[in-house]
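Okay, so here's the structure we're looking at.
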Amino acid sequence: MSITSSLLARRSACMAAVALLAGAWSAPALASNAGAYPNQPIKLIVPFPPGGPTDTAARILGQHMGETLGKPMVVENRAGASGLVGTETAAKSPADGYTLVMLASPTVLGDKLYGQKRYDLLKDFAHIGVAYDLPIVMVVNPKVLDVQDISQLIAASKKQVLNYNSAGSGSFGHLSTELLKSQGKFEMLHISYKGSAPAMTDLLGGQVPMMFSDMIAALPHIKSGKLRPIAVGSPQRVVFTPDVKTVAEQGFPGFDAVAWGGLMAPRGTPQPVMDQLTAALKKALDDKSVQEKLQQVGTTAAFAPGAAMHKRIASDLGKWGKVIADNHITNN
């Protein structure tokens, strides 16, 4: 063998040894990185303004989940178009577990109300789990409309033209009232407001007699006696107003109108990461202090895993999508 051939052979052997050593080091390193989630803060997009029920619930849950996961969960508000803007941002984010989004009932039906198909909630996201329920309550201003229950409300609607208001066209209160009208075969005229605050102000002022409101907005005025609750939309009575009957108890079996929220990640997020996030969410919602904090803002802890969340989204799309179509409701 020539000197040159010998040198080349020795050089190849050295390079092979280096490659083996590199492989020996890199394989555990890669495995370590894959199992190290999370190794940086996690962004939680809330597609609504600060201070609302979705934002408040996200901050309560994010703090506890961040402590469980060992890295902070940072809330980022990206409001617009009933949650479509922030949710679209999340859909287009890397599927690495470091961008999550809070889903709330208004966003489920956003594309049907705005006529814009920006994403598919069932196909473009991985579902971490349902986080909370937001009960809604039918309230009247007793100085303007002195009724005690739904039967009296229906009777009053047949004697005079009644108005009701909501936080906006296509809002959950609007859709729930339209569903009740359809089932009860009675009429009321909808007046749309830009947000629950001005709608509640006019209800309290007597300009409008009735509203199907989220519990957060209505509860302080129920406690003060300014508003009278006549029904809750949940299948069961709620802890906030335990003496108030459900709509179902008042002659509408199967009536179920509950706003809710849950966590999602972009489609393709690794399953081990999804498992960690679901476990952290469940742990947060099992915590008594978290449950109490959620109740203080009118929501209730209601954990359900990702598969159940997927089914709930599909159910809402069908049920409330029909209400939107039947009543020609838009938010354009």
Side-chain angles (χ1 to χ4, degrees), residues 81-82 105-106 108-110 112-115 134-219 221-222 225-234 241 244-252 254-259 316 319-332:
S82 292
S105 291
V108 175
L109 301 169
K112 294 183 180 296
L113 293 168
Y114 284 87
L134 175 57
I136 62 172
V137 57
M138 183 175 285
V139 287
V140 298
N141 184 327
K143 293 182 179 179
V144 180
L145 183 61
D146 188 15
V147 298
Q148 302 287 337
D149 55 30
I150 294 177
S151 65
Q152 292 183 9
L153 173 70
I154 294 174
S157 74
K158 295 181 178 179
K159 295 177 182 178
Q160 59 182 306
V161 177
L162 289 182
N163 299 328
Y164 77 95
N165 67 356
S166 77
S169 181
S171 64
F172 202 70
H174 179 199
L175 300 182
S176 300
T177 309
E178 291 301 319
L179 179 62
L180 179 62
K181 283 169 53 182
S182 174
Q183 294 185 3
K185 296 180 172 53
F186 67 101
E187 293 297 327
M188 288 192 298
L189 180 64
H190 176 235
I191 300 177
S192 178
Y193 282 70
K194 293 184 178 179
S196 61
M200 185 58 68
T201 297
D202 275 8
L203 177 64
L204 292 167
Q207 285 82 4
V208 183
M210 194 280 284
M211 180 181 182
F212 226 148
S213 169
D214 64 69
M215 190 64 72
I216 293 174
L219 193 57
H221 308 298
I222 292 172
K226 293 179 180 178
L227 296 180
R228 176 186 295 157
I230 64 172
V232 292
S234 312
T241 54
V244 179
K245 291 182 179 180
T246 66
V247 174
E249 286 180 287
Q250 299 186 52
F252 299 87
F255 188 93
D256 182 356
V258 183
D316 277 8
K319 173 181 177 178
W320 298 113
K322 185 177 186 303
V323 174
I324 289 170
D326 289 349
N327 292 279
H328 309 289
I329 297 170
T330 67
N331 206 346
N332 290 320

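For clarity, every value in this text was computed on a predicted model and none was experimentally measured.
Taking CD1 of I136 as the start and CG of L175 as the end, the distance is 9.5 Å to the nearest 0.5 Å. Note that the CD atom of Q250 and the CD atom of Q152 stand 9.5 Å from one another [nearest 0.5 Å]. Atom NZ in K112 sits 12.5 Å away from atom NZ in K322 (nearest 0.5 Å). Note: L189 CG to N163 CG = 5.0 Å, rounded to the nearest 0.5 Å.
The shortest heavy-atom contact between A218 and V139 is CB-CG1, 4.3 Å. For F252 against I150, the heavy-atom pair with the smallest separation is CE1-CG2, 3.7 Å. Contact between P198 and K194 at its shortest, heavy atoms only, is CG-O, 3.5 Å. Annotation for I230 and V244: closest pair C-CG1, 4.0 Å, computed over non-hydrogen atoms. Closest non-hydrogen pair, A257 versus S176, comes out as CB-OG, 3.5 Å. Between V140 and L145, the shortest heavy-atom distance links the atoms CG2-O, 3.7 Å.
You'll find the side chain of V232 stays beyond 4.5 Å of the side chain of P135, heavy atoms only. The side-chain heavy atoms of F255 and T246, taken from C-beta on, include no pair separated by under 4.5 Å. Taking the side chain as every heavy atom from C-beta outward, L153 and L162 approach each other to under 4.5 Å. For the pair L227 and M200, the minimum side-chain heavy-atom distance is below 4.5 Å. By the 4.5 Å heavy-atom criterion applied to side chains, S166 and F172 are not counted as neighbours.
Under a 3.5 Å cut-off, the side chain of D214 and the backbone N or O of I216 do form a donor-acceptor pair. Although no hydrogens or angles enter the test, the distance criterion places a donor-acceptor pair under 3.5 Å between the side chain of S192 and the main chain of S169. Without hydrogens or angle criteria, S182 side chain to E178 main chain gives no donor-acceptor distance under 3.5 Å.
Crowding of K181 atom NZ: a count of heavy atoms from other residues, nucleotides or ligands under 6.0 Å exceeding 12. Residue K143 places its NZ atom among 12 or fewer non-hydrogen atoms of other residues, nucleotides or ligands, all under 6.0 Å distant.
Considering only residues two or more places apart in sequence or on other chains, D146 meets the salt bridge (Lys or Arg N to Asp or Glu O under 4.0 Å) condition with R228. Qualifying side chain to side chain contact (heavy atoms under 4.5 Å, CB included) partners for S151, counting only residues two or more places apart in sequence or in other chains: D149.
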Which donor-acceptor pairs under 3.5 Å do the side chains of residues 201-212 make with protein atoms, sequence neighbours left out?
| residue | atom | partner | partner atom | Å |
| --- | --- | --- | --- | --- |
| T201 | OG1 | A197 | O | 3.0 |
| D202 | OD2 | Y193 | OH | 2.6 |

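H190 and H174 have parallel rings, their planes meeting at less than 30° on a 0 to 90° scale where 60° marks the start of perpendicular.
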